[in-house]
Structures are given as C-alpha cells and as structure tokens.
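The structure appears right after this line, and notes come after that.
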Amino acid sequence: MDAKRSSIGAELLAWYDAHGRVLPWRARPGETADPYRVWLSEVMLQQTTVAAVRPRFENWVARWPDVASLAAADEGEVMAAWAGLGYYARARNLVKAARAVVDDHRGAFPTTEAELRALPGLGAYTAAAVAAIAFGERAVVVDANVERVVARLFAIDAPLPGARGAIRAAADSITPTLRAGDFAQAMMDLGATICSPKRPRCLLCPLREECRGFAEGEPERLPVKAKKKARPARFGTVFWLEGDGPGMTGSVWLVRRPPKGLLGGMRALPTGSWSEEPPLLADAPAATDWRVLPVTVAHGFTHFDLTLSLAIGRGTPQGEGEWWPVADVESAGLPTLFAKAVRAILESDR
DNA sequence: CAAACGTGGAA
DNA sequence: TTTCCAAGTTT
C-alpha cells in the first residue's frame with residue numbers, strides 16, 4: 001500500500017472529527033454505540049434521506065426504545081408507524097429481525113458482519129455498517145455515497161452496476177483497521193455534504209489532493225450510471241365506502257393489503273388492481289351506487305406512475321376489513337398514496 | 001442479473 | 001415540469 005493511499009483514512013477521520021454531522025442515532029465521542037439504534041437508523045436510511053428519517057427515528061425510539069419492545073410489538077402498529085416512509089418490506093423485516101434477535105440470540109444483537117447478514121432486511125451494506133459502527137469490526141461499508149466518493153477518488157469510469165466489484169475493492173483498500181465505523185460514517189458524510197452527485201464542493205474536500213477524479217477535471221461525471229427506463233403509466237380506482245347502518249355513520253371501510261407486494265401489509269382504502277386503462281368500478285367492495293369524483297390523484301412509484309380515480313359510495317361491504325372513524329382517518333397509518341386520495345376526497349364535497 | 005419495491009426534496 | 005436520487009434488499 002503506498003503512502004498516499006494509507007493517508008486517506010487518517011485525513012478523512014480528522015475531517016470527520018471536525019466536520020461530521022451530529023445525528024440522533026450517532027454516538028457522541030466517548031459514548032458507546034447502541035446496536036439497536038444503529039440498526040434501526042440504517043434500515044430507516046435505506047434509500048431514504050436523513051431529513052425524512054430524523055423525526056421518524058425520534059418518534060420510533062420513544063415508542064419502542066429497544067429490540068425487546070419492538071419484538072413484542074403488534075405488527076399492525078409497527079406498519080402504521082412506518083406509514084409514509086416507503087419500502088414497507090423494511091418494517092415487516094424489522095419486526096422479524098427483532099424477534100429473531102430475541103428468540104435466537106438471547107435478545108442481544110449478533111456482533112459480526114456474517115451473523116448480522118443473516119437477519120431479515122440486513123443486506124451487504126447494512127450488515128457491514130452495523131458491524132463497523134456498532135461493534136468496531138473492520139467491515140467494508142459500501143453505499144451509494146461510498147460508491148460515488150470511491151469512483152471519483154480512483155477515477156473508476158466503468159459504469160454501474162458493473163463497477164461494483166472494482167469500487168468495493170478500492171473501498172477495501174482504504175478502509176482502516178481502527179475506527180472502521182467512523183471511517184464509514186465519514187465517507188457517507190463526505191458524500192452527502194461535499195462529494196455530492198451534481199456539483200461537488202471540491203475546494204472544501206479533505207481528499208482533494210488524493211483525488212484522481214478531481215485531478216482529471218470532471219469528478220461530477222463519476223460514477224457513470226446506466227440511464228433509467230421510462231416509467232409506464234397505470235390506472236386504478238380507490239373506493240371510499242361510508243357506512244349507512246347504526247354505528248357506522250361517519251366511518252369509512254378500510255382493508256389490509258396482502259402481506260407481500262406493493263404496500264404489502266399496510267392498511268388501505270379498497271382498490272381493484274392497477275391496469276393500463278382506467279378500470280372504473282371493477283372490484284368495488286360493495287354493491288352500491290358509486291359516484292366517481294371529477295378529479296384524479298397522481299402518484300409516482302419507483303417503477304410506474306399511477307393515476308387514481310376516486311369512487312364514493314355508501315352501503316354494506318363485502319369481504320374482510322374494518323370500519324374506521326372518518327374523523328380519525330389520519331391515525332389509520334395509510335401509505336402516502338392513500339393519504340393523498342383521502343385528502344382529495346375530504347376536500348371534495350363528498 | 002433485472003425487476004420489484006415508496007417517497008419527498010433538490011436541481 | 002421533469003428528472004434524479006437518497007445510509008438497499010429481496011426474489
């Protein structure tokens with residue numbers, strides 16, 4: 001290992017000590033990291049911004065302060081608490097993993113990357129991050145920030161995802177034996193605040209002197225990525241069914257979505273399946289006189305754009321579900337798609 | 001390996 | 001307005 005390469009870790013750690021972000025899940029200098037908080041934050045942060053996670057993390061740990069309390073939680077309540085954060089498999093796996101820690105590991109998180117990797121929802125990145133940050137293991141932590149920083153440092157211009165192997169090897173070569181967790185967090189802070197995707201602030205970068213991407217003049221073009229495909233358009237109908245019997249007036253019919261797939265396990269308004277043309281009143285949850293509102297709700301998912309029609313009715317539902325007070329619908333824990341539909345319906349004259 | 005899987009904010 | 005993208009994992 002040459003002298004320049006081995007100095008990267010030390011320079012980055014010095015920068016981190018001076019400029020690292022203060023975040024609720026991060027141990028302060030001298031504090032011992034709490035594996036539960038590290039794990040929870042890492043899962044929440046998967047494909048999710050720090051700004052979105054911060055308040056949700058605070059609320060979560062106030063309600064479920066440790067792995068035992070989460071393992072004992074009602075899964076429906078956990079799903080509702082995750083509502084709005086997206087990628088709901090994360091919440092389902094959070095409960096599974098918490099129960100595995102309690103049932104299979106005597107309530108204490110496993111301490112090695114390999115054991116952590118076996119828990120549900122911990123992939124290559126998260127297992128390495130928890131091992132390094134919570135337990136000090138020298139794990140090679142590679143997320144999108146690290147990919148970007150490393151691709152620029154070493155001027156790796158092979159396109160992702162093919163370049164993953166080369167990037168990981170380069171990250172391995174600069175990961176220190178000591179303070180591997182701080183090093184990983186430093187790389188991510190650097191990627192988030194200095195080595196940003198569009199307009200990197202190279203003049204503030206502690207690694208500028210070592211950066212081949214900077215030396216070559218166009219660090220912002222790295223890493224090279226394949227273009228994303230266009231998202232297809234899909235259509236659907238959501239049904240707002242209010243009760244007309246005694247005790248059901250002022251209540252709306254909610255269902256639980258199937259445990260897997262899109263918005264899996266989440267409470268929801270009834271819908272039919274999505275299709276390439278508006279499905280109108282197919283799969284309505286009651287035989288009644290539906291009124292379709294003259295507005296639609298648009299919602300973009302990762303892999304398709306959805307346009308929802310809104311059908312309003314009153315009557316007796318078919319199938320499984322529950323009546324929920326309209327006045328408390330915000331506490332039902334609906335995913336954003338349905339929260340948008342509810343807002344549009346309540347803003348209409350219904 | 002490609003595709004499924006959410007959402008909100010920045011540019 | 002549209003596109004990009006954020007501390008990825010699972011199948």
Side-chain angles (χ1 to χ4, degrees), chain A residues 20-21 23-26 37-57 79 82-94 96-97 116-134 139-149 160-162 164-165 168 171 181-193 195-200 220 223 225-232 234 257-266 268 274 297-306 333-340:
Chain A
R21 291 175 290 180
L23 298 170
W25 45 87
R26 225 172 235 185
R37 294 168 66 95
V38 173
W39 163 64
L40 175 64
S41 66
E42 290 301 339
V43 173
M44 283 189 169
L45 286 160
Q46 290 168 4
Q47 301 289 284
T48 308
T49 58
V50 166
V53 167
R54 191 192 292 264
R56 307 297 295 260
F57 177 85
M79 299 310 292
W82 198 270
L85 270 177
Y87 286 141
Y88 297 99
R90 292 184 292 173
R92 301 193 298 268
N93 285 332
L94 218 46
K96 281 187 201 155
L116 288 161
R117 181 71 178 77
L119 293 171
L122 282 86
Y125 162 75
T126 305
V130 175
I133 297 168
V140 180
V141 180
V142 183
D143 75 325
N145 287 299
V146 175
E147 283 182 349
R148 186 169 60 255
V149 171
L160 288 170
R164 289 258 155 80
R168 193 199 144 78
D182 284 347
F183 175 78
Q185 295 179 94
M187 289 286 277
M188 294 188 278
D189 277 16
L190 189 73
T193 64
C195 196
S196 50
K198 301 288 178 60
R199 300 276 300 271
E220 67 279 359
K225 296 184 178 182
K227 280 205 168 60
K228 297 192 165 65
K229 329 180 176 183
R231 297 184 301 190
R234 294 286 180 268
R257 292 180 61 85
K260 294 185 176 182
L262 191 71
L263 311 176
M266 298 300 289
W274 318 136
V297 167
H299 190 72
F301 289 107
T302 311
H303 50 302
F304 64 97
D305 286 319
L306 183 62
L334 298 177
T336 299
L337 167 67
F338 297 108
K340 281 185 186 176

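A, B, ... follow the sequence lines: proteins, then strands. Residue 1 opens every chain.
Taking atom P on both nucleotides, dT11(C) is separated from dG6(B) by 14 Å, rounded to a whole Å. Using atom C1' as the reference point in both dA2(B) and dA7(C), the two lie 23 Å apart (nearest Å).
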One character per nucleotide, please: for nucleotides 2-11 of chain C, 5' to 3', B when the base has a protein heavy atom closer than 4.0 Å, S when only the sugar-phosphate does, - otherwise.
--SSBBBSS-
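As judged by a 4.0 angstrom heavy-atom cut-off over every strand, L263(A) is placed among residues touching the sugar-phosphate backbone only. Counting any heavy atom pair closer than 4.0 Å across all strands shown, G264(A) reaches no nucleic acid atom.
For R21(A), the salt bridge (Lys or Arg N to Asp or Glu O under 4.0 Å) partners at least two apart in sequence or on another chain are D189(A). Residues passing the side-chain contact (heavy atoms from CB on, under 4.5 Å) test with R37(A), sequence neighbours excluded: D34(A), F57(A), V61(A). For R168(A), there are no salt bridge (Lys or Arg N to Asp or Glu O under 4.0 Å) partners at least two apart in sequence or on another chain. Every residue two or more places apart in sequence or in another chain that forms a salt bridge (Lys or Arg N to Asp or Glu O under 4.0 Å) with E147(A) is listed here: R164(A).
The span of DNA chain B lying next to chain A, judged by atoms under 4.0 Å from heavy atoms, is bounded 5' to 3' by dA3(B) to dG8(B).
Looking only at side-chain heavy atoms (C-beta outward), R199(A) and E220(A) stay at 4.5 Å or farther from each other. Side-chain atoms of F301(A) and L337(A), non-hydrogen and from C-beta on, do get closer than 4.5 Å to each other.
Under 3.5 Å, the side chains of Q46(A) and R90(A) contain no donor-acceptor pair of N or O atoms.
Each of K229(A) and R90(A) has a nearest nucleotide on DNA chain B; the 5'-most of these lies closest to K229(A).
For the pair S196(A) (side chain) and T193(A) (backbone), a donor-acceptor distance under 3.5 Å is absent.
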